[in-house]
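Count residues from 1 along the sequence. Side chains are part of it too, since the values below use all heavy atoms of this structure and drop only hydrogens, waters and symmetry mates.
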Amino acid sequence: RRVHGGAPGASPAAAAGSSAVRLDPAQPTTEVQVRLAAGGVAVGTFNPSHTVNDLYAFAAAVAPAPAGQRTVLQTTFPRKELTELGATLEAAGLLKAAVLQRF
């Protein structure tokens, strides 16, 4: 499953009906691929100034965690959990990146 989100002026989770993040069309954009825990891929479009927390919101909107579990996002290699929620995607090194969703 491939889900795209983030049309200019819309949220990157638009395909999932979420209004978590709004793109600034005057700023550069980047795509981040989320490899979903249940299989498939979701590709979100973000501004580099969006945060890791925005990426978590996108992943949760596209593929919510089962009841009683939490979503964890990790880099692909080396595997490292994304815990600095306030870091920008640029500062976290996630421009044009792929991340893994785990529960």
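By the 4.5 Å heavy-atom criterion applied to side chains, V72 and F103 are not counted as neighbours. Looking at V99 and Q33, their side chains never come closer than 4.5 Å, going by heavy atoms from C-beta outward. Using a 4.5 Å cut-off on side-chain heavy atoms (C-beta onward), T30 and T45 make no contact.
Nearest heavy-atom pair, Y56 versus L82, reported as atom, atom and distance to 0.1 Å: OH-O, 2.8 Å. In plain terms, the two heavy atoms of A92 and V52 that are nearest each other are CB-CG2, 4.0 Å.
L85 and V62 fall within a single hydrophobic cluster, where Ile, Leu, Val, Met, Phe, Trp and Tyr side chains are chained together by heavy-atom contacts under 4.5 Å. Connection of L100 to L36 is not established within any shared hydrophobic cluster, with ILVMFWY side chains joined at heavy-atom distances below 4.5 Å, either directly or through further cluster members.
D24 places no side-chain N or O within donor-acceptor distance of the main-chain N or O of N47, the cut-off being under 3.5 Å.
Checked against H50 for a side chain to side chain contact (heavy atoms under 4.5 Å, CB included), the options L89, T29, L94 give a single hit: L89. Checked against L73 for a side chain to side chain contact (heavy atoms under 4.5 Å, CB included), the options K80, Q101, R35 give a single hit: Q101.
Among residues at least two apart or in separate chains, salt bridge (charged side-chain N to carboxylate O under 4.0 Å, His left out) pairs with a member in residues 81-103 are R70-E81. Residue pairs meeting the salt bridge (charged side-chain N to carboxylate O under 4.0 Å, His left out) criterion with at least one partner in residues 36-46, sequence neighbours excluded, do not occur; the list is empty.
Every residue meeting the side-chain hydrogen bond (donor to acceptor under 3.5 Å, both in side chains) condition with T51, not counting sequence neighbours, appears here in chain and number order: D54.
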